[in-house]
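One structure is given here, and the rest of the page talks about it.
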Amino acid sequence: MKKRNIKTKYIAYLVILIVACVAGSRIPGFFTVTNILNVTRQASTIAICALAMTLVLIIQGIDLGTGGVMAFCAMVSGFMMLNGMNVFFSMFVGVAVGLVIGVINGLLISRINIPPFIATYVTGQITLGLALVVGKGSSISGMPDLYVAIGNQLFLNIPINTWIMIVLLVITTIILKYTRMGKHIYALGGNESVVKAEGINSGMIKIFAFSLCGLYSAIAGILLSAQMATVHPTQGASYQLDAVAASLVGGVSMLGGEGAAWMSVVGALIIGFLRNALDMLAIDPFYQNLFIGAAIIFVVGVSVFNKNKEMEKAKVF
Amino acid sequence: MKNFAKKYGNVIIFACVFIVGIIARPGAFLSISNVTGIISQSAIAAICCLGMTFVLMTGGIDLSVGYLLGFCTYVFGWSTVTCGLPVIAGILLTLAVGAFCGMVNGILVQVLKIPAFIVTLGTGYIIYGIAQIVSSGSAITPLPNSILAVARTNILGLNSVVWIMLLIAVVAWFILHKSTFGRALTSVGLNKEASTLSGINASFTTVMVYVICGITTALGAVLMASRVNNCVVTMGGTDFTFTAITAAVLGGASLFGGIGTAWGSLLGVFTIYMIQNILGILGVNFYMYTAVQSIVILIAIIFENVKNRLLQ
Amino acid sequence: MAKILEMKNITKYIFDEYGKKINGTTVKILNGVNFDLEEGEVHVLVGENGAGKSTLMKILGGNIPADEGEMFLDGKPYFVKGPREAREKGVAFVHQELNLCLNLDIAHNIFLGREPRKNGFVDHKTIYKKSREYLDKFGFQDIDPKTIMHNLSTARQQVVEIVKALSYDSRILIMDEPTASLTAGEIDHLFELIRDLKSRGVSIIYISHRMDELQIVGDRLTILRDGQSIETLSMKDYNQDYIVKQMVGRTITNLFNCTHKVLDEDILKVENFKIGPNTKPISMHVKKGEIVGLGGLVGSGRSEFARGIFGVRNYFGGTIIYKGEEYKKPSAEKSIAKGIAYLSEDRKIDGLIVAKDIKENISMASIKKLFRYHVLNNRLERKEAEAKIKELNVICRSMDQLVSTLSGGNQQKVLFAKWLESKPDLLILDEPTRGIDINAKAEIYEIMDNIAKQGVAIIMISSELPELIGMSDRIYVMRRGSISLEINKNEEMTQERILANTL
């Protein structure tokens, strides 16, 4: 199965590469440094959300509350800044709030046995609602220059956003590859009963994965509003689907147990470039939703199909 | 007592919210105009929630209804205003579009065996994309007078939309609890293998519930358009999906399938609109609604889960 | 030699999915079993399906607790709460169905839950190095510890499971049917490994259905029957006929009072029916009013055959002739309409809907006749359910009670009621008396006889030889997906003969 999966994945990458080349040759300015930097900046936010999604997808979960967390945590830090608090402290609190929401998700899923997509959907709505409350129903702006600079400045010619994304990529990779928790995350996604039989606390793994997911989403939301110099209550809405799509297109399995951090980043770059190419080709932005929705169904469909075929083969007679 | 709590968790939640309303502002809350107002406001969501109940009872979920609602209002406006079709033809076309979208969902879920929430998350965005492309983001108004009259007529003190809702509720009750199909779908929701062995066509049942959900959504769209005299694709959206699902859950429908009732889902919708109404009476700002409403829903879901575990 | 393990008077009642005794049950799976193990020996455990071998080993391996009895390891009381604790005490279990994460590589499966760390990070180098050592030690130089599990053959996966078990420095290794899915060459390799382990002082408990291999690997042999340990003997005294006799043991009691008569008319005729792409074809027939027994081991393809005829599983060629006509493209819906019923093996998984009440379960397979113009006739449903409850003597408070609250025997009767309500002419029963007590069994045999008297044909799949022999007019025995023996005459139906043809 692994072999076939890799093959389909490579085909997907190849198709995307061809599309990118065609787009690049047809669109003037697509392959310029400014444009590529611009895309990486935008893709960084998607990539951070996708990294968050990776963690929970591996344990057969999903986070449908990314949008709400992104808005609410940014709203909290923005609100604190407007009230004269230190920029970094405000950002720290915002990120901490994301962590708390993640822990709550983890508890709802592991202790109360609510299916992940419902638990995160509801907490997502709650955070969205709370973002509206903090922002009194609209967006807030006027944050300090330092904050805006974090979202827009370059460091060593690369946007700070992208640096943060790279740091998170490295951290996530280390967690997944070099810690016991990471190994247990994969094991849990592969076979929960084995994990339990080994005496590993599977609830703890779920709480860990979902809290990290909340934390990352919060970082993504705060960076996004730093970039825009404003916090809008629905700013995270489009990232919800992008994050799921990026992970799945990059090769993380919806069925759990397979995937790596870098895959989500690759997926995010693909989606970032796709959106950018469609923008530059002046294609109606509405087509983007359509493409991304179809891509998700297609990618999951292929992996489910492969899995079913594999199970058919495993039968004795 | 134990049995009552097990069976009527939805009544307990409804009663709690109701009591809060009475304590908060008895005069304003219990007035006839307020009560009929709550019912009238919840009518359209109730129709869609009844459709959602069918889906939930087979263990599925439909996250695309909000976007489908927006798309269907546009289809209705386009057919009746832009194309000048008769209202009846427009309604039938809209219902057909809803049924078709539902069928696509059902086929993807049943044939490709993709988890329902992924399928409908994807198709939701696809429908939204198509809707925005065909409408180019514009709204259609005004609608023909004959359809506007529907939302403006009162019969026996209740809005005609409420009567339509009641009619749909009776039909849904009949199908769910009195028909072969209803038996089949609870069986499929609880145990697909046993149902298949008993000669129930699980594939047909699964596809059909999504079709039903699509049709109720399309009907909701027509009524929504007639009520606001406007057809725009951004109507509905994820908030509407959220209301439809959580109302059914508050009404006692299980997310794992097999359990749910038509009256329970109605009660769930009333509970949600009652919460909004109480917030309104208390003068709470509109932007707080989402937060308070979703927190109450989360508490209710936790309550149901913990209660079921304790009672076992 | 020193005794390493002793199990005394182990008793276990039927249990739920968590291993807890089901409330109020009196059905014992194990009844005062005694078992011991010496250092460096291979102790073979034999018995029919359901004799309690796996349950006994699950208790030893810490998967489920015993209800009564004591265990001693090295003379000290042995009490464990879970498989992990058992393994730490040196008792490792290689399950029949493998317990591995197929998405991880070999090394990480071996070290799951106890990954060595260096500076707080998982030390992959050590993991791979040690896995390499373990694999080498047991003679698998050709397996790369970095291979992902699902790229391995089943045999290799089993090797990994054994290596994992041994990596805990286990002194006792339990192997539950380790050769079930192995090829001849792989089996030889496994036996070599077992001999090697023995020489290292590891004691092995070996469960198998294949009589031919027991003599090769075993030192001693214990026979379990009906949850009791019957006899322990040395392999020196190996005598297959004697062992088989001890395994079946029971004399057939007067549970089976068959008075039905076989009519001389075929209701079902199956020709060249293949349940798998590579199995031998099956040909068989069933007459009206006849009870045909279908024997064989679990996994010999009996259920697959029944499901193929009923139309809920694909088959690979062959014809079904039912009531004189060819039955093409069977499906459950068509089968029920034609009067074929199939009582599945596991009532909780695909037989009953335990979260529904009794009456809805009874009417499930015959729902269409309760509807007039698509409207449910509640009164008729209640009437029919009431009649069936009375007829089959289902003990319940009311027909609105959930099936999950009934005892196993009564659940089985509800399952019978459901299918009898569909008025079948051919009834296929898959393990109709599994997990129910003796009284309920007797009632079910009586029901079967009554049905047959009305001219209904019955195919009964059963792993219990006495019931197979006692109830059947004719017996087919299945082995590896096809029929290995047909017994026509009652006097030729001996447990020994059937057993010899299943193995």
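Chain identifiers are assigned alphabetically (A, B, ...) following the order of the sequence lines, protein sequences preceding nucleic acid strands; residue numbering begins at 1 within each chain.
Ring pair C/His108/C/Tyr128 is perpendicular by interplanar angle, where above 60° counts as perpendicular and below 30° as parallel.
Proximity to chain C (any heavy atom under 4.5 Å) is shown, for A/Leu188, by neither the backbone nor the side chain. Proximity to chain A involves both the backbone and the side chain of C/Leu112, based on heavy atoms less than 4.5 angstrom apart. The parts of C/Asn99 that come within reach of chain A are both its backbone and its side chain, each placing non-hydrogen atoms under 4.5 angstrom from that chain. Contacts of C/Arg87 with chain A are made by side-chain atoms alone, with heavy-atom separations under 4.5 Å and no backbone atom involved. In this structure, the portion of C/Lys164 lying under 4.5 Å from any heavy atom of chain A is its side chain and not its backbone.
Note on C/Asn109, C/Leu104, C/Asp123, C/Leu102: by heavy-atom pairs under 4.5 Å with chain A, the leading option is C/Leu104. Taking chain C as the reference chain and counting heavy-atom pairs below 4.5 Å, the highest number among A/Lys183, A/His184, A/Arg180 is found for A/Arg180.
Neither side chain, C/Ser482 nor C/Thr279, offers a donor N or O lying under 3.5 Å from an acceptor on the other. Judged by distance alone, the side chains of A/Thr120 and A/Asn105 never bring a donor and an acceptor atom under 3.5 Å apart. Looking only at atom types and distance, the side chain of C/Ser463 has a donor-acceptor partner in the side chain of C/Arg302 under 3.5 Å away.
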*List the steps, then state whether side-chain hydrogen bond (donor to acceptor under 3.5 Å, both in side chains) holds for A/Thr66 with A/Ser217.*
CA-CA 6 Å; A/Thr66 311; A/Ser217 304; 4.6 Å; no
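Under the 3.5 Å distance criterion, the side-chain polar atoms of C/Ser484 are matched with a main-chain donor or acceptor of C/Val477.
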